[in-house]
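Numbering of ligands and ligand atoms starts at 1, following listing order. Side chains included, hydrogens not; waters and symmetry mates left out as well; all remaining heavy atoms used.
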Amino acid sequence: MGQRLGVNVDHVATLRQARRAAYPDPVTAAALAEAAGAGQITIHLREDRRHIQDRDLKILRETCQTLLNLEMAATQEMVKIAYEVKPDLVTLVPERREELTTEGGLDVTGQRESLAQAVRHLRDGDITVSLFIDPDLDAVRASHKLGADRIEIHTGRYCEARNAKERTRELMRVVDAARAGSKLGLGVAAGHGLNYDNVQPIARIDEIDELNIGHAIIARAVLVGMDRAVRDMLRLMRGD
Ligand code: PXP
C-alpha cells in the first residue's frame, strides 16, 4: 500500500483570516483535495486561532470523507475539544505563540507527565494519537513508552539542509527514526517543509506510511488549482 497524503489546509484559512472574510473556505479546499486523491485532511487548531477556527474543525468532522487529523497542543482545552469532536487522529505538537510555524518536535522527555495524560485521555476517547517528534532515537523510544499509537517525524532540518552532505545526514536521521519507530510497532508519518523538490527521498522510506504537507501544496494550488497541486504531489510520492 502506498503512503497516504495528508493535505494540511491551514493556509487556506490563513488567507481567509487575512481579511476576516468568509472565503476561501478550508472545508471546500479539503473536499477538492480529497477528490484529487488526498488520503487525509490535516488541520492545526492553534491556541491563538490564527488560521483554523473551531467552526472549521466541526464542519470538517462532518464533511471529511477520508481521515481527519487534528494537530494541537497537549493542553486541557484542546484535549477537551478533541474529545468532543472526535477527529480520527490527533497529532500532538509543541506550540509557541510567537512562532511562524511549528519549529521543532515535542520535548517528549521534559513534558512526559502532561503528554502521558493527554495521550491517555485521547486514547480513552478512541482517538488514534501521534506525537510530532524530531528524528531522534530517544524521542522515538520515549513516544513508545508514553503509549502513543504513532509518531510523525519532523522533516524540517532535512528540508532546510544547505548542502548535499547535510541533507544526506538529515535524511539518514529520518530513516533511522522511522525504522526504530516501526520496529517498536508505531505507525510512522513525516512532515514539515516538504515540497515538490524534496519530497521523493522521504516518500521512498518504506516505514513511513503518511506524509503531511501544507504550505507547498496550498502555495501551488493558489496558482494552478487544488486538483493539480495534489495530483502533482501524489505523482512524485509514487515515483511516477
Ligand atoms: N506536520 C506537522 C505536525 C505540522 O505542524 C505542520 C505544519 O502545520 C506540517 C506537517 C505541514 O508543514 P508544511 O506546511 O511545512 O508542509
Side-chain angles (χ1 to χ4, degrees), residues 3-15 17 26 29-30 33 38-52 56-57 60 67-75 78 82 87-97 99-108 115 118 128-136 139 143 148-161 170 174 177-178 181 186-200 202-203 208-222 226 229-230 232-234 236-237:
Q3 267 165 353
R4 161 167 95 229
L5 171 61
V7 175
N8 179 318
V9 295
D10 289 352
H11 292 313
V12 177
T14 301
L15 194 54
Q17 297 309 112
Q40 173 166 298
I41 299 302
T42 296
I43 50 173
H44 185 172
L45 185 66
R46 295 187 76 102
E47 189 193 11
D48 63 9
R49 307 298 198 271
R50 70 173 72 157
H51 38 53
I52 293 293
D56 299 323
L57 168 63
L60 276 168
L67 297 171
L68 182 61
N69 173 23
L70 174 63
E71 297 176 2
M72 57 176 232
T75 61
M78 288 297 159
D88 300 286
L89 174 65
V90 159
T91 303
L92 295 175
V93 300
E95 200 175 293
R96 287 194 290 124
R97 244 171 206 279
E99 69 190 357
L100 280 179
T101 180
T102 317
E103 282 167 1
L106 286 164
D107 176 9
V108 255
L115 285 172
T128 302
V129 184
S130 181
L131 300 182
F132 187 47
I133 57 170
D134 289 322
D136 172 85
S143 302
D149 302 286
R150 305 178 52 80
I151 51 172
E152 177 171 337
I153 301 173
H154 196 309
T155 48
R157 286 186 46 186
Y158 157 77
C159 296
E160 282 156 23
E170 292 302 330
V174 176
L186 296 166
V188 183
H192 211 284
L194 294 174
N195 63 32
Y196 296 86
D197 296 319
N198 61 26
V199 75
Q200 285 195 309
I202 299 290
I208 294 180
D209 64 11
E210 167 195 329
L211 298 183
N212 288 301
I213 309 181
H215 185 261
I217 291 179
I218 304 307
R220 183 171 289 207
V222 168
M226 182 63 90
V230 171
D232 285 352
M233 186 57 81
L234 284 169
L236 289 168
M237 284 169 63

Which of the atoms of ligand 1 are close to Val93, meaning less than 4.0 Å from one of its heavy atoms?
-> 3 (C)

Enumerated ligand 1 atoms positioned under 4.0 Å from heavy atoms of Phe132 = 2 (C), 3 (C)

Asn212 neighbourhood, listing ligand 1 atoms whose heavy-atom distance to it stays under 4.0 Å | 10 (C), 11 (C)

Using a strict 4.0 Å cut-off to heavy atoms of Ile213, name the atoms of ligand 1 that fall inside it.
-> 16 (O)

Distance-only N or O hit between ligand 1 and Glu71, under 3.5 Å | yes

Is there a heavy atom in Gly193 that sits closer than 4.0 Å to ligand 1?
-> yes

Give a yes or no on whether a salt bridge exists between Arg157 and Asp134, defined as a side-chain N under 4.0 angstrom from a carboxylate O.
-> no

Run the numbers for me: atoms of ligand 1, each under 4.0 Å from some heavy atom of Asn8, listed by number.
-> 8 (O)

Of the listed options His192, Glu152, His215, closest to atom 7 (C) of ligand 1 (non-hydrogen atoms) = His192

With sequence neighbours excluded, residues passing side chain to side chain contact (heavy atoms under 4.5 Å, CB included) with Asn198 | Tyr158, Cys159, Arg167, Leu194, Asn195

Is it the side chain (CB and beyond), the backbone, both or neither of His11 that lies under 4.0 Å from ligand 1, heavy atoms counted?
-> neither

Does an N or O anywhere in Gly214 fall below 3.5 Å from an N or O of ligand 1?
-> yes

Donor-acceptor pair between Thr42 and Asn8 side chains, under 3.5 angstrom = no

Quick one: are Glu210 and Leu89 in side-chain contact, heavy atoms under 4.5 Å?
-> yes

Using the six-membered ring wherever Trp is involved, compare the ring planes of His11 and His215 and label them parallel, tilted or perpendicular (cut-offs 30° and 60°).
-> perpendicular

Any donor-acceptor N or O pair under 3.5 Å, side chains Glu71, Asn69 | no

Thr91 side chain to Leu131 main-chain N or O, any donor-acceptor pair under 3.5 Å?
-> no

